[in-house]
Each structure stands twice: as structure tokens, then as C-alpha cells.
K.L.:
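Pasting a structure below so you can have a look.
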Protein chains: 2
Amino acid sequence: MGPDLKGSSTYFMAYKAELDRILEALDATETLEGLQLIVEQVCEVFGVDHAMYLWVETAGNHYYFGTYSEAWTGRYLDKAYSRVDPVVVGCYQRFHPVDWKRLDWNPKPAREFLKDAMEHGVGNQGYAIPIRGPNGQFALFTLSHNCGDAAWEKLVAKYNRDFILVAHYFNRKVLELEPSRTAEQAQPLSPREVDALTLLAIGYSRAQVAQTLAISEHTLRVYIESARFKLGAINTTHAIARAVSLGLIVV
Amino acid sequence: MGPDLKGSSTYFMAYKAELDRILEALDATETLEGLQLIVEQVCEVFGVDHAMYLWVETAGNHYYFGTYSEAWTGRYLDKAYSRVDPVVVGCYQRFHPVDWKRLDWNPKPAREFLKDAMEHGVGNQGYAIPIRGPNGQFALFTLSHNCGDAAWEKLVAKYNRDFILVAHYFNRKVLELEPSRTAEQAQPLSPREVDALTLLAIGYSRAQVAQTLAISEHTLRVYIESARFKLGAINTTHAIARAVSLGLIVV
DNA sequence: TGCGGCCTCGCTATTTCGGGGGAGGACCTG
DNA sequence: CAGGTCCTCCCCCGAAATAGCGAGGCCGCA
């Protein structure tokens with residue numbers, strides 16, 4: 001909502017009504033197909049070529065809704081581009097939404113990825129909003145377009161707050177429609193288990209942890225085993241990784 | 001933005017201008033004191049008794065800006081209420097903002113906490129927005145008020161989208177002003193090191209990792225040691241924890 | 001053409017971890 | 001009060017990780 005809009009109340013209200021319609025549709029949707037339709041509507045409302053929601057997953061089974069060509073999305077998955085894509089990599093370290101131009105495209109794999117993306121009509125401008133949910137969930141909402149820098153900056157300045165809302169609502173709905181992830185792993189750890197894993201995660205040996213917690217090493221081992229069991233982990237390292245990634249402990 | 005507002009464009013625009021002012025102030029603030037002032041303004045704009053931003057840390061050093069009395073905030077910290085507070089506990093598992101009423105206040109510690117909170121004038125109504133940042137950061141933005149259910153629901157329905165924006169902008173600025181998190185940028189890992197740590201993080205033993213990567217276990221060890229060195233970790237578990245928490249590997 | 005980083009392979013000895021048991025007391029909830 | 005969870009302690013032994021050495025080839029960058 002740039003200053004230029006404050007005067008043109010009617011146009012502003014009309015746009016807001018459209019945005020409202022999108023957000024309400026996001027609230028009302030009950031199917032994944034509905035989300036795909038909404039992505040397309042988002043493009044129209046904001047006047048951009050492409051919009052995309054991508055839930056970046058561990059194993060590579062990405063959750064995707066977007067307007068990119070199937071050729072490109074297929075290629076993206078095949079080549080496991082999410083490990084290279086500066087948008088994904090960069091957003092993972094940020095909270096603030098970010099313009100593609102401000103990312104680091106220098107590494108060779110990134111340059112090759114960019115070239116490939118361009119050839120698939122992704123667009124030269126883009127704006128990405130990182131989204132995080134419980135249990136370390138991470139997703140991206142991205143809008144991309146083909147235009148000059150000035151026009152793009154103006155568009156982003158105008159809409160970026162609404163981008164955040166749409167991204168947020170989108171993720172909200174995806175989490176709602178896909179409860180498997182959240183339901184699958186909700187086993188809370190006991191305080192002592194958290195203590196044990198936390199100290200292990202900062203590099204303490206079992207002996208040190210036991211001493212720090214003022215318990216015997218045998219007791220400690222019971223906690224670790226118990227935590228391992230709750231986390232479905234097959235060894236301590238795995239348990240630590242899961243606990244950190246689920247946000248159960250903070251390193 | 002309830003339907004009742006769509007007719008009264010002037011009032012709507014006036015409110016939007018106020019919201020804009022808040023968000024712009026949030027963008028412009030350069031000090032933590034400024035954030036405290038903004039919290040107070042947020043209360044005025046939305047017409048609620050209290051607003052609060054709380055960055056929940058495991059270590060206990062909470063980041064707080066809010067309008068609650070010092071008696072209450074002090075008590076909250078002293079008693080480590082963030083481990084009991086259903087708002088914190090509940091939001092930690094959710095993505096969707098949540099009304100206090102919809103939380104589970106049954107556990108005995110929660111009931112005692114509630115009683116204590118009431119006596120300190122926290123208010124009977126509340127709305128909490130969970131916020132997540134990189135490296136497992138977790139924060140809450142909360143608005144609370146003293147009023148009837150109907151009035152509160154109406155207020156939430158009217159403003160909840162804007163609550164999200166304010167919460168988001170608030171956290172954005174806090175992260176910006178608190179560089180300690182971002183300062184701990186580690187050296188990038190080599191691809192092979194990432195492979196090694198990733199497989200270790202999903203529970204593979206060194207032998208399995210070596211086999212999967214089709215390298216000798218000795219080579220693997222060099223990667224692990226190298227990664228440990230880069231991450232400043234004192235053992236593999238520590239390295240995994242840091243790599244996961246820094247987002248260098250995804251589990 | 002260096003230099004440095006990355007990837008690859010090897011040895012031995014010591015320390016640590018993992019899995020398998022069992023057992024008692026404290027606390028809260030239904 | 002029973003049943004569940006949590007916290008605490010103890011045994012043994014095989015498997016795994018760690019620490020300390022060294023060595024060579026490949027590649028990109030200056």
C-alpha cells in the first residue's frame with residue numbers, strides 16, 4: 001500500500017475486496033485442488049506471471065502448488081534443485097521476505113540453476129516469502145514475473161504486506177489439509193529427556209552430561225533411550241537431529 | 001476487515017492509515033526502546049488493553065516487549081511460566097493464531113498460572129500469534145483485553161489479519177536488532193561433508209554412510225572431522241546439532 | 001604455475017555408546 | 001486406589017566412534 005494508493009480510495013477498495021476474496025477462499029478451501037486454483041487467482045490479483053507455494057521436505061517429497069510449467073517443476077524435482085536453488089537456501093536462513101536479486105547467485109551450481117530456470121520461463125523477477133510451521137516445517141511462497149527492475153520494485157512495494165498474508169493463509173490451509181506430518185510426530189519429551197538431549201547436542205559426552213545433571217550415567221542412558229524411542233530415532237545422533245529439527249531442543 | 005467495514009470506507013481508510021503508520025514505524029525503528037513504544041501504540045490502534053511480543057528461549061533469557069505490569073512480567077520470568085503457560089505451550093505446536101479460550105487450561109499448573117495471571121490484570125480475553133524464525137526461533141505476539149466474549153470475537157474477526165502483519169513485522173525488527181543469532185554464521189560445508197552429516201543425522205552408522213556414499217569409512221571420517229572443525233563442534237553429535245540448527249542440512 | 005581446498009585411501013589404540021536385562025519410589029489422574 | 005509416567009540406580013559386553021599419525025590426485029583460482 002504505497003502512498004500513491006491513499007488517494008485513490010475506490011481502486012484501493014476494489015483491490016482490497018479482491019484480496020479479501022482470495023483470503024476467504026483460502027479459509028474456505030477444503031481440497032488440495034482448491035489451493036491450485038487459488039494460486040492461479042493470486043497471479044491475477046497481483047498481476048504477476050507466476051505464483052508458487054512449496055513446502056520443502058526432508059526426503060524430497062515436496063508439496064507444491066504453482067503456475068510453473070510441468071516441465072520445470074518436474075526438472076526441479078528430478079535434479080533436486082531445492083538443494084541448490086538460492087531462493088530456498090537463502091530463505092532458509094532468513095525471516096524477512098527477500099527479492100531474488102538480493103540473493104547470492106555466484107556459486108556455480110546456482111548459476112547453472114538460474115540459467116536452467118530462465119530457459120523454462122520462470123521469469124527474471126521474483127519475491128520469496130519464507131514460512132515456518134511447527135515441528136520445523138519450512139515452506140516458501142514465491143511470486144515471479146518478467147519485467148524491469150523499477151516496475152517490479154513498485155509492485156513489491158505495493159503488495160508485499162499482502163504477499164505475507166497470502167503466504168501465511170496458504171500454509172495455514174496446507175497444514176490443515178495435511179495433518180499427517182503434524183499428527184505423526186507430537187511425542188513430547190519429558191523435562192529430563194530434554195535436558196539430556198540438549199546437553200548432548202552441545203557436545204557433552206555422556207559422562208559430562210551425567211555430571212552436569214547430577215545423575216548417574218546409567219540413569220542418563222535411560223533418558224536417552226527413552227527419548228530415542230519417542231522420537232523414533234535409531235541412535236543418539238538421529239535423536240538429536242530430530243529433536244533439533246522438531247524444535248524440541250534449542251542448540 | 002469484516003463485511004461491516006466494506007461500506008464505511010472513510011473509517012476504514014483512517015484505520016488503515018493508522019495501521020500503516022505502525023508498520024512503517026516498525027520498519028523504521030532502530031532501537032529496542034522504539035519497539036516498546038510501538039507495542040503501546042498497537043494497543044491504541046486496535047483498542048485493546050495489552051499487547052506483547054515475547055521471544056521464547058529455552059535458555060530462559062526471554063526477549064520481551066509489552067504493556068503488562070512489571071510485577072507480572074517479573075513473576076512470569078521468576079516462575080519460568082513459559083514452560084507452563086498454555087499460550088506458549090499451545091502455540092508452539094500450532095501455526096494458526098489462537099484465541100486463549102481455545103487452549104487447554106485443564107492441567108493443574110495451567111490453572112494455577114491462569115489464576116495468577118488474572119490477579120495481575122492480564123485480562124480475560126486474548127489472542128496469540130505464533131511466529132517462527134530461522135534456527136528454530138520461536139516468538140509470540142499476543143493481544144489481551146478485558147471484555148465479553150461477543151465483543152472480543154468481533155474485534156478479533158475485524159483485526160486478526162492485521163495482527164499477523166504486526167506480529168511478523170515485530171519479529172522481523174527484533175531479529176534485525178538482535179544480531180547475535182545471525183552473527184553465528186558458520187563456514188559453508190563442502191558437498192561431501194553435507195552428504196556425510198545428512199546421512200549421519202538420519203541415523204546411519206559410519207559404515208552405512210560410507211557404503212551409501214561409496215567411499216571408505218576412513219574417507220568418511222575425514223569429512224566428519226572436517227565438518228566438525230568448520231562447525232566448531234567437539235564431537236559428531238554436536239556437529240549434527242549445529243548443522244541442523246544452522247540449516248546446513250535438512251533432516 | 002603455484003597454492004589451497006576437496007576427495008580419496010590407509011593404520012592402531014583408546015574411549016565411548018548401544019542394547020539387553022531389572023528395580024524401586026514419587027507424582028498425578030481417573 | 002490402580003495405572004500411568006517420570007525419575008533414579010545397577011549389572012555386562014560387543015559394537016561403534018574418536019584421536020593421532022600419513023599420503024596422493026584433482027580442480028579452481030590467482
K.L.:
Could you tell me how far apart Phe229(A) (CZ) and dC6(D) (P) are, to the nearest whole angstrom?
P.N.:
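Rounded to the whole Å, the gap is 12 Å.
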K.L.:
Looking at Tyr223(A), does any N or O in its side chain come under 4.0 Å of the phosphate oxygens OP1/OP2 on dT8(D)?
P.N.:
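The answer is yes; a side-chain N or O of Tyr223(A) sits under 4.0 Å from OP1 or OP2.
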K.L.:
Please identify which of these residues, Tyr127(B), Tyr68(B), Trp100(B), meets the side-chain hydrogen bond (donor to acceptor under 3.5 Å, both in side chains) condition with Ser144(B).
P.N.:
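Testing each of Tyr127(B), Tyr68(B), Trp100(B) against Ser144(B), the sole residue satisfying side-chain hydrogen bond (donor to acceptor under 3.5 Å, both in side chains) is Tyr68(B).
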K.L.:
From the options dT8(C), dA17(D), dC7(D), select the nucleotide whose nearest atom is closest to the side chain of Thr219(B).
P.N.:
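Closest of the options to the side chain of Thr219(B): dT8(C).
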K.L.:
Find the distance Ile215(B):CD1 to dC6(C):C1' and express it as a whole number of Å.
P.N.:
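The answer, rounded to whole Å, is 12 Å.
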K.L.:
Is any side-chain heavy atom of His238(B) less than 4.5 Å from a side-chain heavy atom of Asn235(B)?
P.N.:
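Yes, their side chains come closer than 4.5 Å.
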K.L.:
Distance check needed: dG22(D) P versus Arg221(B) CZ, whole Å only.
P.N.:
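So the two atoms are 14 Å apart, to the nearest Å.
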K.L.:
Measuring centre to centre across the rings, with the benzene-like ring taken for any Trp, is Phe138(B) within less than 6.0 Å of Tyr92(B)?
P.N.:
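Centroid separation for Phe138(B) and Tyr92(B): below 6.0 Å.
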K.L.:
Using atom CD of Glu193(A) as one end and atom P of dT5(D) as the other, report the distance to the nearest whole Å.
P.N.:
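Spelled out: CD on Glu193(A) to P on dT5(D) is 12 Å.
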K.L.:
Quick check: on DNA chain C, is the nucleotide nearest Ser216(B) upstream (toward 5') of the one nearest Asn235(B), or the reverse? Name the residue that is more 5'.
P.N.:
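Its nearest nucleotide lies further toward 5', so the answer is Ser216(B).
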K.L.:
Measure from CG on Leu200(B) to P on dC17(C) and round the result to the nearest Å.
P.N.:
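After rounding, the gap between these two atoms is 15 Å.
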K.L.:
Just how far, in rounded Å, is C1' of dC6(C) from CG of Asp195(B)?
P.N.:
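To the nearest whole Å, that distance equals 13 Å.
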K.L.:
In whole angstrom, give the distance that lies between atom CD1 of Ile224(A) and atom P of dG19(C).
P.N.:
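One finds 11 Å between P of dG19(C) and CD1 of Ile224(A), rounded.
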K.L.:
Can we say Arg172(B) and Glu176(B) salt-bridge, meaning some charged N sits less than 4.0 Å from an Asp/Glu carboxylate O?
P.N.:
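Here Arg172(B) does not pair with Glu176(B) in a salt bridge, since their nearest N and O are not under 4.0 Å apart.
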K.L.:
Could you say whether Arg206(A) or Val222(A) is positioned toward the 5' end of DNA chain C, judged by the nucleotide with the nearest heavy atom to each?
P.N.:
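Per heavy-atom nearest nucleotide, the more 5' residue is Arg206(A).
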K.L.:
Examine dG5(C): is either OP1 or OP2 under 4.0 Å from a nitrogen or oxygen in the side chain of Ser190(B)? Give yes or no.
P.N.:
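For dG5(C), neither OP1 nor OP2 has a side-chain N or O of Ser190(B) closer than 4.0 Å.
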K.L.:
Give me the one residue out of Phe170(A), Phe141(A), Phe163(A) that meets ring-ring contact (aromatic ring centres under 6.0 Å, His included) with Tyr53(A).
P.N.:
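Of the listed options, the one satisfying the test is Phe170(A).
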K.L.:
Could you tell me whether the phosphate oxygens of dC6(D), OP1 or OP2, come under 4.0 Å of any side-chain nitrogen or oxygen in Lys230(A)?
P.N.:
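For dC6(D), OP1 or OP2 has a side-chain N or O of Lys230(A) closer than 4.0 Å.
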K.L.:
Using the side-chain heavy atoms of Ser205(B), tell me which of these nucleotides is nearest: dA17(D), dT8(D), dC17(C).
P.N.:
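The listed nucleotide nearest to Ser205(B)'s side chain is dA17(D).
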K.L.:
Answer with base, sugar-phosphate or nothing: what part of the nucleic acid does Ser226(A) contact at a heavy-atom distance below 4.0 Å?
P.N.:
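Counting heavy atoms under 4.0 Å across all strands, no contact is made by Ser226(A).
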K.L.:
Measure CD/Glu225(B) against C1'/dC11(C) and give the value in whole Å, please.
P.N.:
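About 14 Å, once rounded to whole Å.
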K.L.:
Leu213(A) near the nucleic acid: base, sugar-phosphate alone, or nothing, with a heavy-atom cut-off under 4.0 Å?
P.N.:
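Since no nucleic acid heavy atom lies under 4.0 Å of Leu213(A), the category is nothing.
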K.L.:
Taking the nucleotide of DNA chain D with the closest heavy atom to each, which residue, His218(A) or Tyr204(B), is nearer the 5' end?
P.N.:
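Result of the comparison: His218(A).
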